[in-house]
Amino acid sequence: MNILVVLRMIPDSAGELQLAEDGRSIDREWLDFQLNDFDDHALEEAILLKEAGGAKVTAVAVGEGTNRVLQMAAARGADEVVALQAEEDAMISSREIAASIAAMARAKSADLVLCGVQSSEDVFGQLAPYVGALLDWPHVSGTNRIVANGAVLRVTQERGAGVAVTYELATPAVLGVQTASKAPRYVSGSKLREASKTPIGRAAPESSGFERSAEIITLRLPVQGGSGENLGGDAETVADRLVSILAAKGLARN
Amino acid sequence: MKLIACTEGHSSKIEAFSLEMIAAARSIAQAGDEVVAFFAGRDAEGASASFGAADRLIVARATKLDVIPAETYAVLLRDVVTAESPGLVLVPYSANGLDVAADIAARTGWPLISYVNEIKRHGESLTIVAQMYGGKVLADCEVQLPAILMINPGAFAEAAPGPIAAASVQTIDAEPTLASGKVRMVAIDVPDYADVDLTTAERIVCVGRGIGDEASIDLARNLATMLGAEIAGSRPVVDNGWLPKLRQVGKSGQKVKPKLYLALGVSGAPEHLEGMSQADLIIAVNTDPKAPIFNVAHYGATCDLFDLVANLSDRLRAGSGR
């Protein structure tokens with residue numbers, strides 16, 4: 001089985017985000033870029049499938065810091081790594097890159113395309129259904145378990161409230177991974193060093209093929225705060241206040 | 001212009017966000033427009049009894065399956081879109097919607113905006129407020145019709161539930177499409193809440209990514225025990241395997257409404273807020289003062305969460321020994 005897994009580098013939204021001067025993007029100068037969490041799980045699922053039944057895993061990365069993440073992917077077990085060129089300093093829109101991923105899936109004779117179910121930049125739509133529809137392959141998003149039995153995939157999808165639905169479908173297919181069957185593995189420094197020799201392929205992007213798209217006019221930060229009370233940043237004071245708040249509401253055990 | 005509001009329901013239960021989709025469509029419908037609700041599933045009666053706020057209802061009726069695979073839902077919806085030529089299709093941000101919205105967008109070529117909170121109409125175009133970067137940024141977008149929107153649950157108040165006139169209901173048989181579908185449902189697992197049911201818990205201590213590592217979960221667990229609370233986690237914590245799935249709060253976990261919700265190192269992504277923003281008392285501790293969790297918290301603190309847990313535990317321990 002040939003698996004193509006997509007790795008998107010996105011701004012670390014756990015950190016502080018600032019708006020760029022043009023008001024239409026975020027200021028990328030001081031941002032940390034990291035692998036989209038869900039894509040990390042997609043990579044893990046790809047490697048788990050390879051270990052379970054044999055597969056050739058091709059990782060394609062897009063965005064800032066792709067070399068670093070592709071070395072990591074190779075260290076974790078990807079057989080081939082490719083950097084998809086993209087417009088510099090631009091957000092990664094799934095709508096824009098879907099045609100490139102679909103073309104690469106065909107070029108690599110992929111049986112399965114894996115990507116994270118979402119990214120924090122996919123405001124114009126999610127990657128798995130775009131790629132699935134462009135290839136006319138079935139797609140399932142929100143998976144937390146993928147088992148391959150030859151060309152038949154058994155896929156479990158999270159539906160909320162802990163409900164899980166299991167589907168069967170045949171390859172070729174596109175899956176949007178929520179959670180890998182096992183938590184993503186760590187790789188040792190020595191493996192990373194070894195993998196740093198893996199040659200990184202380059203791929204030029206395809207045109208999205210969409211004539212019309214929505215447009216971001218401005219970005220803004222949400223108005224902060226609601227009506228909550230700020231207890232400050234001193235742990236001792238905060239603890240004192242919380243104990244009395246909880247006690248007043250009968251919620252502390254003391 | 002026709003506006004199609006996509007709805008869902010499983011196990012004879014109509015999803016509440018279905019009524020929000022109808023309300024969203026209604027909120028921008030103009031004189032002469034028609035709001036058409038689309039439902040695919042087994043509970044055709046429930047749909048007819050609930051979606052009276054729409055002008056018309058198209059039901060793709062299944063007879064066997066409780067859950068329609070999104071792939072089949074999308075095929076059925078595509079046929080409806082082709083037949084009706086709507087100006088706008090509203091899809092809920094749900095497990096199903098995540099597969100349906102971009103599928104329709106790719107096949108029609110129509111623009112799509114996801115994670116939508118607000119819609120304003122200006123003739124043939126819309127201005128939209130959408131969430132990005134885990135709710136930390138709002139995007140003001142513009143889109144020309146026809147278009148597709150994926151709407152955040154909770155962004156619009158539910159339309160009043162009520163029956164729709166039988167003459168306004170059109171029923172399609174979904175079975176042939178299901179039979180030829182490429183994705184077949186084989187099982188539904190409903191969790192066993194014998195050990196833990198967060199939805200009925202009175203107090204919850206929830207840990208987020210800020211807890212740092214698995215070993216630190218124990219500190220939060222001890223605090224929870226002292227407070228008589230259940231321990232819970234946000235998605236990153238559960239995905240890392242630090243807490244079991246049954247203890248996840250949020251969109252793909254449980255929706256909870258405890259008397260006390262103490263959030264430790266939880267940033268408050270929209271998907272998390274969807275699961276807990278209705279709690280009676282929300283206390284949030286996060287070193288990032290811009291974390292969206294503070295938008296729903298009644299009390300917030302920006303101190304180090306480990307210092308706080310230590311100090312709070314000391315005080316509660318001292319208090320209980322009195």
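Each chain gets a letter, A, B and so on, in the order the sequences are listed, and its residues count up from 1.
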> Considering all heavy atoms of both residues, which atom of B/Tyr115 and which atom of A/Ser119 are nearest to each other, and what is their separation?
Replying inline: OH-O, 4.4 Å
>> I'd like to know if A/Arg24 and B/Asp140 make a salt bridge, using a cut-off of under 4.0 Å between side-chain N and carboxylate O.
In response: no
>> Is there a side-chain contact between B/Met132 and A/Ile26 in this structure, where contact means two heavy atoms from C-beta onward sitting under 4.5 Å apart?
In response: no
> Based on non-hydrogen pairs under 4.5 Å, which of B/Leu281, B/Asn96, B/Leu126, B/Val238 is most in contact with chain A?
Replying inline: B/Leu281
>> Could you report the tightest heavy-atom contact between B/Lys136 and A/Pro222, atom names first, then the distance?
In response: O-CD, 3.1 Å
> B/Leu312 and A/Leu242: side chain to side chain contact (heavy atoms under 4.5 Å, CB included), yes or no, with the steps?
Replying inline: CA-CA 8 Å; B/Leu312 197 51; A/Leu242 284 186; 4.1 Å; yes
> With a 4.5 angstrom heavy-atom cut-off, which part of A/Tyr130 approaches chain B: side chain, backbone, both or neither?
Replying inline: both
> Is there a side-chain contact between B/Leu112 and A/Phe210, using heavy atoms and a 4.5 Å cut-off?
Replying inline: no
> For chain A, which of B/Gln254, B/Lys259, B/Arg107 has the most heavy-atom pairs under 4.5 Å?
Replying inline: B/Arg107
>> Show the nearest heavy-atom pair for residues A/Arg212 and B/Gln144, with the distance to one decimal.
In response: NH1-O, 2.9 Å
> With a 4.5 angstrom heavy-atom cut-off, which part of A/Ile10 approaches chain B: side chain, backbone, both or neither?
Replying inline: neither
>> Under 4.5 Å from any heavy atom of chain B, what part of A/Asn230 do you find: side chain, backbone, both or neither?
In response: both
> Does the pair A/Val140 and B/Glu71 meet the rule for a side chain to side chain contact (heavy atoms under 4.5 Å, CB included), with working shown?
Replying inline: CA-CA 7 Å; A/Val140 177; B/Glu71 192 241 0; over 6 Å; no
>> Test of understanding: with salt bridge (Lys or Arg N to Asp or Glu O under 4.0 Å), list the residues that count as partners of A/Arg185, not counting sequence neighbours.
In response: A/Glu44, A/Glu51
> Looking at A/Asn144, A/Asp234, A/Val155, A/Leu246, which has the largest count of heavy-atom pairs under 4.5 Å with chain B?
Replying inline: A/Leu246
> Minimum heavy-atom separation for A/Ala239 to B/Leu308, with atom names?
Replying inline: N-CD1, 3.7 Å
>> Between B/Glu271 and chain A, with a heavy-atom cut-off of 4.5 Å, which part of the residue counts as in contact: side chain, backbone, both or neither?
In response: side chain
> Measuring heavy-atom distances to chain B, does A/Thr218 have an atom under 4.5 Å in its side chain, in its backbone, in both, or in neither?
Replying inline: both
> Any idea which heavy atoms bring B/Arg203 and A/Leu251 closest together, and the distance?
Replying inline: NH1-O, 2.9 Å
> With respect to chain A, which residue among B/Ala105, B/Ala70, B/Ala101 yields the maximal number of heavy-atom pairs within a distance under 4.5 Å?
Replying inline: B/Ala105
> At a heavy-atom separation under 4.5 Å, does B/Pro244 approach chain A through its side chain, its backbone, both, or neither?
Replying inline: neither
> Quick one: what part of A/Asp240 sits under 4.5 Å from any heavy atom of chain B, side chain, backbone, both or neither?
Replying inline: both
>> Measuring only between side-chain heavy atoms, which start at C-beta, is B/His298 closer than 4.5 Å to A/Ile245?
In response: no
> Are A/Lys249 and B/Asp280 ion-paired here, with the side-chain N under 4.0 Å from a carboxylate O?
Replying inline: no
> From A/Ser141 OG over to B/Leu98 CG, what is the distance, rounded to the nearest 0.5 angstrom?
Replying inline: 6.0 Å
> In Å, rounded to the nearest 0.5 Å, how long is the span from OG of B/Ser114 to CZ of A/Arg95?
Replying inline: 10.0 Å
> When rounded to the nearest 0.5 angstrom, what distance separates CD in A/Gln157 from CE in B/Met185?
Replying inline: 11.0 Å
>> Using side chain to side chain contact (heavy atoms under 4.5 Å, CB included), reason through A/Leu17 and B/Lys290 one step at a time and then give a plain yes or no.
In response: CA-CA 9 Å; A/Leu17 296 177; B/Lys290 291 187 173 160; over 6 Å; no
> Given the options B/Ala310, B/Gly135, B/Ala301, which has more heavy-atom pairs under 4.5 Å with chain A than any of the others?
Replying inline: B/Ala301
> What part of A/Leu153 lies closer than 4.5 angstrom to a heavy atom of chain B: side chain, backbone, both or neither?
Replying inline: neither
> Highest number of heavy-atom pairs under 4.5 Å with chain A: which of B/Gly241, B/Pro236, B/Gly109?
Replying inline: B/Gly109
>> Quick test of your reading: applying side-chain hydrogen bond (donor to acceptor under 3.5 Å, both in side chains), list the pairs with at least one residue in residues 300-313 of chain B, sequence neighbours left out, ordered by first then second residue.
In response: B/Asn311-B/Arg315
>> Checking B/Ser252 against A/Gln178 for the side chain to side chain contact (heavy atoms under 4.5 Å, CB included) test, could you report, in this order, the C-alpha distance in whole Å, the side-chain angles of both residues, the deciding distance, and whether it holds?
In response: CA-CA 10 Å; B/Ser252 55; A/Gln178 168 109 14; 3.4 Å; yes
>> Please rank A/Asp122, A/Val131, A/Val117, A/Leu127 by heavy-atom pairs under 4.5 Å with chain B and give me the top one.
In response: A/Asp122
> With side chains defined as the heavy atoms from C-beta onward, is the minimum distance between A/Asp37 and B/Arg235 less than 4.5 Å?
Replying inline: yes
>> Out of A/Ala173, A/Gly142, A/Pro11, A/Pro184, return the one with the most heavy atom pairs under 4.5 angstrom to chain B.
In response: A/Pro11
> Should A/Arg220 and B/Val129 count as side-chain neighbours, where that means a heavy-atom distance under 4.5 Å?
Replying inline: yes
> Based on non-hydrogen pairs under 4.5 Å, which of B/Val190, B/Asn286, B/Val143, B/Ile113 is most in contact with chain A?
Replying inline: B/Ile113
>> Distance check, rounded to the nearest 0.5 Å: B/Tyr93 atom OH versus A/Gln118 atom CD?
In response: 3.5 Å
> Roughly how far apart are A/Met91 CE and B/Tyr133 OH, rounded to 0.5 Å?
Replying inline: 6.5 Å
> Top residue by heavy-atom pair count (under 4.5 Å) with chain B, among A/Leu169, A/Thr156, A/Leu19, A/Asp136?
Replying inline: A/Asp136
> Looking only at heavy atoms, what is the nearest atom pair of B/Pro111 and A/Ala214, with distance?
Replying inline: CB-N, 3.5 Å
> How long is the span from the CZ atom in A/Phe124 to the CD1 atom in B/Ile148, to the nearest 0.5 Å?
Replying inline: 13.5 Å
> Checking A/Leu221 against chain B: side chain, backbone, both or neither under 4.5 Å from a heavy atom?
Replying inline: both
